[in-house]
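Reviewing the structure listed below.
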Amino acid sequence: MNPVGKPGKTGTLMPVEAALARLLEMAEASPITEREYLPLAQVDGRVLADDLISTLDLPPWPNSAMDGYALRLADWTGEALPVSQKIFAGQAPEPLQPGTCARIFTGAPVPSGADCVEMQENAVVQGDERVCFNEALTVGQNIRPQGQETTAGELILQAGNRLGPIEQGLCASLGCAGLNVVRKARVAVLSTGDELVEPGQALGPGQIYNSNRVLLCSWLQRLGCEVVDAGILPDDLAATRARLGELQDVDLILSTGGVSVGEADFLGIALREEGELALWKLAIKPGKPLTVGHFCNVPVIGLPGNPASTLVTFALLARPYLLRRQGVKDVEPLRFPVPAGFDWPQPGNRREYLRGRLENGRAIIYRNQSSGVLRSAAWADGLVEVLENRTLMAGDEVVFIPLSDLLG
Ligand code: AMP
Ligand code: MG
């Protein structure tokens, strides 16, 4: 069976979910299995390769949640208790002498024999270092018990978790100095189009600046990928073949442009001739045409070239594909319902991802939603999903997908 699937029937559009499901299947068929051990400080943005099991109880011993006094509740009869020791964080206390209390500070180990900590604000210190307690006391109060957070042997993070500052902090709290992570996916980024010029150069007639290249290169790095910047590819079959042939040591070739089944669709021709090709017409706007295939066994995803189309198809399709290749289980972005702050009178036959923001709890959208307008996304905080064949009145529910989640 052709692993990239058959193209949809002419005229029918492939639903976004179906395209995503096929891409995830492809990703699962060629997972990146190599791994490397990295010091904890270097794992930000990487994918955990092995389950992380705690070897410690956290906290390792009962400790005080307050600055105050530790006592055994049974010793408190209403008579002031003498202070028999002072325990700072980082010290090992003596067992509590019966009939006394201990001055204790936040994070310090609670001495054996004590079962209660009263905060200093509720303690009355008498001149000769004796202390009275005026509020009711209970066993265990203001004590963080051993193993409250974690017990030794517990599963803390599963393989396939994406690591960031919080996971790094959590691993550090367990004494973990380094982790096995999945090798970075190597992704070649290709921009196709005779009209493209890099910023910094003068624009000639008919030329525009290449915005997709830097956008994708930076985004891929945030996703923990290693980027092979393959530059601009002219609209030319021989050049396309040659460049694709050079990119054989990557996990994915990600191109933009040249997929509108126009006359300059050289990516499609090259894949058809020397690999496998599926042209998908997706029920997504912006971004209908998507090329998915292989060139000499290297997977290729060709995104549409209009910058907002590149952004939306990368966010919703290529991003989860790449995360899944790296073993990430949870690849779906955060999405939540919000009331629309706009009317949508004309139903479309494609699912729309409007560039929008939240204002007073409602989703509002940028005035120009053209697929060529990247400014819409710079203005936006998220994508506002409007289902196919839907009309909306302000106040109706739409789904909001924050860009902050998609970008990381
Ligand atoms: P294509 O899919 O090649 O027909 O491109 C669709 C539209 O996107 C055209 O207007 C292109 O000029 C534009 N486009 C393609 N690639 C890029 C790029 N890398 N940066 C900015 N615009 C692009
Ligand atoms: Mg083009």
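Counting starts at 1 for both ligands and their atoms, following the listed order. We count residues from 1, following the sequence as given. Keep in mind that the numbers below use all heavy atoms, side chains included, and drop hydrogens, waters and symmetry copies.
In terms of heavy atoms, Gln85 sits closest to Pro111 at NE2-CB, 3.9 Å.
Salt bridge status for Arg213 with Glu198: present, with a side-chain N to carboxylate O gap under 4.0 Å.
When only interatomic distances are considered, the shortest N/O to N/O separation between Asn210 and ligand 1 falls below 3.5 Å.
Numbered from 1 in the order shown, with element, the atoms of ligand 1 that lie under 4.0 Å from a heavy atom of Ser211 read 20 (N), 21 (C). In summary, the atoms of ligand 1 found under 4.0 Å from a heavy atom of Tyr209, numbered by their order in the structure, are 20 (N), 21 (C). Set against the non-hydrogen atoms of Gly257, the atoms of ligand 1 under 4.0 Å away are 1 (P), 2 (O), 3 (O).
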Worksheet item: Where do Glu167 and Arg46 land on the salt bridge (charged side-chain N to carboxylate O under 4.0 Å, His left out) test, with the steps shown first?
Response: CA-CA 11 Å; Glu167 289 74 18; Arg46 304 296 295 272; over 6 Å; no

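Counting heavy atoms under 4.0 Å from ligand 1, residue Thr310 does not touch it at all. Contacts of Arg213 with ligand 1, taken as heavy-atom pairs under 4.0 Å, are absent altogether.
Take Arg183 and apply the salt bridge (Lys or Arg N to Asp or Glu O under 4.0 Å) test, not counting sequence neighbours, and it matches Glu34, Asp251.
For the pair Arg335 and Phe400, the cation-pi test (distance below 6.0 Å, angle within 45°) is failed.
For residues 134-143, every residue pair satisfying the side chain to side chain donor-acceptor pair (under 3.5 Å) rule, not counting sequence neighbours, is listed here: Glu118-Gln141, Thr138-Gln141.
Which of Gly206, Gly302, Gly258, Gly305 comes nearest to atom 3 (O) of ligand 1 through a heavy atom is settled by distance: it is Gly258.
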